[in-house]
Structures are given as structure tokens and as C-alpha cells.
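What follows is a single structure, written as C-alpha cells, with notes after it.
In what follows, chains carry the letters A, B, and so on, assigned in the order in which the sequence lines appear, proteins first and then strands, with residues in each chain numbered from 1.
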2 protein chains.
Amino acid sequence: MSEKLIKHFRKYIPVDAEDEAEMISFFRSGTFAKKESLVVQNTKCRYHFFVVKGCLRMFYIDEKGMEQTIQFAIENWWITDYLAFEKQTVTAFEIQAVEKSDVVQIDYGSQEKLLARFPQLERYFRLIYQRAYAATQLRTKYLHDFSREQMYHHFSESFPEFAGRVPQQLLASYLNMTPEYLSEIKKKRRS
Amino acid sequence: MSEKLIKHFRKYIPVDAEDEAEMISFFRSGTFAKKESLVVQNTKCRYHFFVVKGCLRMFYIDEKGMEQTIQFAIENWWITDYLAFEKQTVTAFEIQAVEKSDVVQIDYGSQEKLLARFPQLERYFRLIYQRAYAATQLRTKYLHDFSREQMYHHFSESFPEFAGRVPQQLLASYLNMTPEYLSEIKKKRRS
DNA sequence: CGTTGGCTTGAGAGGGCTCAAGGCCAGTGG
DNA sequence: CCACTGGCCTTGAGCCCTCTCAAGCCAACG
């Protein structure tokens with residue numbers, strides 16, 4: 001499944017065919033079952049994950065014991081706790097598969113070596129992070145502009161297949177509202 | 001003032017002394033007065049800004065005519081509307097000086113040329129964006145965890161000098177609350 | 001020394017939460 | 001293939017956090 005990753009590299013930078021195998025050797029592929037954890041809260045954050053197929057989510061458990069989802073990652077997205085990954089410290093988050101997911105992962109040391117060996121990948125990651133950061137700027141604007149109700153409608157209209165794919169509970173948590181309230185919102189529109 | 005920028009580069013990557021002058025030639029330095037706009041809403045987003053001294057803010061005007069601040073940038077931070085900058089399109093945001101500020105700026109084309117000429121800067125920006133993105137992940141967690149009131153206390157305890165430096169109105173907008181409510185929160189703690 | 005912008009106060013309203021219960025599947029074991 | 005069970009979604013009542021609107025106040029600035 002690493003070929004999907006190389007394909008993704010090529011959307012942003014040129015990659016020599018002869019380098020492919022060596023690049024891939026830095027990564028490990030794996031499949032995770034629904035609800036399986038890739039990173040456990042309060043443990044060292046070793047890996048950076050690229051989703052080939054499926055869907056991951058990042059969440060934490062708050063003081064009331066509730067899971068708070070702060071991010072999803074679907075096909076062609078990278079995910080990790082970047083603060084903990086960069087510093088190689090304990091993470092405040094848990095990363096779990098929402099559905100059966102194919103993933104390519106790399107540990108911190110290997111990523112550093114990969115970037116030293118193939119400096120053109122610095123550009124790839126620079127562009128990936130730039131895009132991710134740009135997305136959060138827009139999201140921040142929405143958080144100011146929209147009520148929770150508008151957030152839900154905006155989200156489900158922007159990503160209709162995705163809204164149907166994840167359990168409502170997780171979506172509610174991602175949108176920072178209770179499942180009860182989400183239910184109420186959906187009901188309103190129905191009538 | 002560009003030497004401050006080079007100094008910042010050196011926190012992340014090595015820079016040959018002989019390259020300094022050429023690097024600097026890609027940038028333009030400028031000083032902006034309090035409330036002066038660096039980028040105007042609904043115009044093309046040409047520049048990427050590095051704050052040498054002072055403080056900038058990014059905001060937009062909502063349908064009620066209110067300014068909604070979504071980001072501040074102080075010394076050693078980069079700022080722009082990354083979505084609009086990358087695509088060189090019209091921006092939904094305005095960037096303005098909160099106080100008299102010294103800024104180094106670069107337009108999109110020059111930045112591309114700079115990165116082509118000095119590919120090691122890809123690493124610099126990769127690290128900058130990674131750090132910025134990591135910060136937004138943490139911020140997202142706080143948005144789930146904290147009430148507006150807790151957000152204010154957390155912010156003013158984390159950045160005490162900054163909280164005193166910007167007008168309360170802007171801080172309230174950044175924390176996504178009304179100035180009236182911020183006032184009430186502060187009063188509560190006083191008593 | 002008058003105006004203006006920013007901070008404060010207070011009353012009333014509403015968005016969104018909590019808690020508790022009820023209903024609807026989907027998966028599991030017999 | 002059917003009954004059972006557990007998870008998830010829905011409903012409703014009551015409440016609190018935060019907003020809106022409308023004054024009043026204070027300090028800065030011309």
C-alpha cells in the first residue's frame with residue numbers, strides 16, 4: 001500500500017522511479033481494525049501516520065470521562081500529535097481507527113533520516129503542513145461565524161458522504177456539541 | 001531589520017554568512033503604524049509577513065459589521081491568509097497592525113524563487129508550519145475543554161504581558177466572546 | 001474642556017447543556 | 001432463524017452560560 005504514498009508525493013514533488021523502493025523502506029504498512037488504537041493517551045508519540053484507506057480519529061478523554069474528538073483523518077491525510085511527535089514526548093491524545101483502515105507509518109528517527117536522505121521531501125511536507133494550517137485558519141473563521149447548528153449544516157453539506165460515514169456521536173464530539181443537541185438539530189430540519 | 005529574520009532562520013537551519021545578503025534581497029522591510037492595514041479584505045493576498053517587532057492581527061468583518069479577530073502575530077511569527085496566499089486569490093481576511101510594527105515581507109513569486117535558490121529554507125518553513133499546526137491542535141483541545149471564561153484565564157495566565165498589551169476588545173473577539181462578557185469575567189475574579 | 005472610543009453594568013433572552021428515560025436496530029448465541 | 005442484549009440515537013424538562021441591547025462612566029486626545 002506504500003505505492004499510494006509515493007503517488008501522493010508525486011502530487012507535490014517529482015520522485016525518481018529508482019528512489020521509490022528506498023523511500024518505502026523507511027515506512028511500515030499496517031491495517032487497523034475498527035476501534036483499534038494506533039496511539040494511546042499518555043504514552044510516547046512515536047509515529048506519524050498516513051491514511052491510505054479508511055478513517056482515523058484523534059481524541060482525548062476529559063475529566064468527566066467523555067471522549068472529545070478533535071480531528072479526523074481520511075484517505076491521503078497525515079495525522080499525529082505534532083507537538084508530542086516533534087519533541088518525542090508523551091501525548092495528550094489517542095488515535096483510533098473509526099473503521100477498518102490501511103495506514104502507512106513512520107517513526108520520528110526514521111522520518112529525520114528520510115528527510116536527510118531525500119531533502120526534496122522537506123518541500124513535500126512543507127506543502128502538506130501549509131495546506132493543513134490553511135485549513136485550520138478557515139476552520140477558525142467558521143468557529144467565529146457559525147453557531148453549532150450552522151457548523152453541522154455546513155459540515156454535512158461540505159462533506160455529505162463523510163457525515164453519513166461516521167457515527168453521529170463522534171461527529172457531535174468533533175463539532176463540540178452533545179449528541180442530544182445534534183439529534184435536535186437534525187429533527188428540526190426534517191420537519 | 002532583516003538580520004532578525006536571518007537570526008530566526010538560524011534557530012532552525014544553518015545559513016552561510018555569504019548567503020545572507022542574497023537571501024535578504026528577496027524581502028522588503030517596512031514599518032506599519034497602529035491600525036494600518038497590511039492586507040485588505042477582498043483583495044489579492046500577495047504577501048507573507050514576518051513580524052520583527054510589534055503585533056499584527058488578522059480579522060474579518062462579519063455580516064453584522066463586527067470585526068472578528070482570528071489570529072495575532074507577535075515577534076518572530078509569520079502570518080498571512082495561507083489559503084489565499086498559496087492560490088494567489090482574494091482573501092477573506094484583513095491584516096492590521098495592533099501597534100506600531102516592524103515587518104519583513106515577501107510576495108508569493110519571490111518566495112517561490114527564494115525556495116528554489118535556497119532549498120534548505122524548505123526545511124525552515126516545514127518546521128515553522130509544523131510548529132504552527134501543532135499549536136492549533138492544542139488550541140483545538142482547549143476549545144473543547146474550556147468554557148469561554150476558562151479560555152480567558154488560561155490565556156491571560158499563559159501570556160500575561162500579551163493580555164495586557166492588546167485592547168480588551170480585540171482579546172474578547174479573539175476568544176470568541178463579547179467585550180461585555182469579558183468585562184463580567186474580569187469583575188468576577190476581582191471580587 | 002468637550003467629544004469620542006473603550007470599558008463596565010444590568011436586565012432579559014436564547015442557544016446549547018445535563019440528566020433521565022424510551023425506542024430502535026445490529027450483532028450474538030442458542 | 002429467532003430472541004436477547006447492548007449500543008446508539010431520540011425526546012423532553014429544566015437550567016446555565018453567554019449574548020443582545022441600552023445606559024453610564026472614564027480616560028485620552030484635539
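Rounded to a whole Å, the CG atom of A:Asn176 is 15 Å from the C1' atom of D:dT18. Rounded to an integer number of Å, the gap from CG of B:Asp145 to P of C:dC17 is 15 Å. Rounded to whole Å, the distance from CD on A:Glu180 to P on C:dG15 is 18 Å. Going from atom CE of B:Met151 over to atom C1' of D:dC17 covers 15 Å, rounded to whole Å. We find that CG of B:Leu175 is positioned 16 Å from C1' of D:dC17, with the value rounded to whole Å. The distance from atom CD1 of B:Ile185 to atom P of C:dG10 is 16 Å, rounded to the nearest whole Å. Going from atom CG of B:Leu182 over to atom P of C:dG6 covers 15 Å, rounded to whole Å. A:His153 places its NE2 atom 12 Å from the P atom of C:dG16, with the value rounded to the nearest Å.
Residue A:Lys64 has a polar side-chain atom (N or O) positioned under 4.0 Å from OP1 or OP2 of C:dT18. Look at A:Thr178 and you'll find a side-chain N or O under 4.0 angstrom from OP1 or OP2 of C:dC17. Look at B:Lys186 and you'll find a side-chain N or O under 4.0 angstrom from OP1 or OP2 of C:dT8. Taking 4.0 angstrom as the limit, B:Lys187 places a side-chain polar atom (N or O) nearer than this to OP1 or OP2 of C:dG10.
Taking 4.5 Å as the limit, every side-chain heavy atom of B:Gln71 sits out of range of all side-chain heavy atoms of B:Arg57. Inter-residue side-chain proximity for B:Arg148 and B:Leu175 is flagged as unmet; no heavy-atom pair is nearer than 4.5 Å. B:Met23 has its side chain out of reach of B:Arg117: every pair of non-hydrogen atoms, C-beta onward, lies at least 4.5 Å apart.
Nearest-nucleotide positions on DNA chain C for A:Glu184 and B:Leu170 put B:Leu170 closer to the 5' end.
When distances run from any side-chain atom of A:Glu149 to the nucleotides C:dC7, C:dG16, C:dG10, the shortest one goes to C:dG16. Between D:dC8, C:dG10, D:dG12, one nucleotide has an atom nearer to the side chain of A:Gln169 than all others, and that is D:dC8. Comparing atom distances between the A:Arg148 side chain and each of D:dT18, D:dG12, C:dG16 picks out C:dG16 as nearest. Taking the side chain of A:Tyr181 as heavy atoms from C-beta on, and the options C:dC17, D:dC9, C:dT9, the nearest nucleotide is C:dC17. Nearest nucleotide to the B:Met177 side chain, out of D:dC19, C:dT18, C:dG6: D:dC19.
Among the heavy atoms of the strands lying under 4.0 Å from B:Ser147 are primed sugar atoms or P, OP1, OP2 only; no base atom is included. Residue contacts for A:Lys34: at a heavy-atom cut-off of 4.0 Å it reaches no nucleic acid atom on any strand shown.
Judged by distance alone, the side chains of A:His8 and A:Tyr124 do bring a donor and an acceptor atom under 3.5 Å apart.
Scanning both residues, A:Ile95 and A:Met58, for their nearest heavy atoms gives CG1-CG, 4.0 Å.
Under the 30°/60° scheme for interplanar angles, the aromatic rings of A:Phe26 and A:Phe118 are found to stand perpendicular.
Salt-bridge annotation for B:Lys34 and B:Glu99: absent, with no side-chain N of the basic residue lying under 4.0 Å from a carboxylate O of the acidic one.
Summary of helix geometry: the two end axes of the helix from C:dC1-D:dG30 to C:dG30-D:dC1, each defined by five base pairs via their C1' atoms, are inclined to each other by 40° (rounded to 10°).
Side-chain N or O atoms of B:Gln105 include none that pairs as donor or acceptor with a backbone N or O of B:Gly30 at under 3.5 Å.
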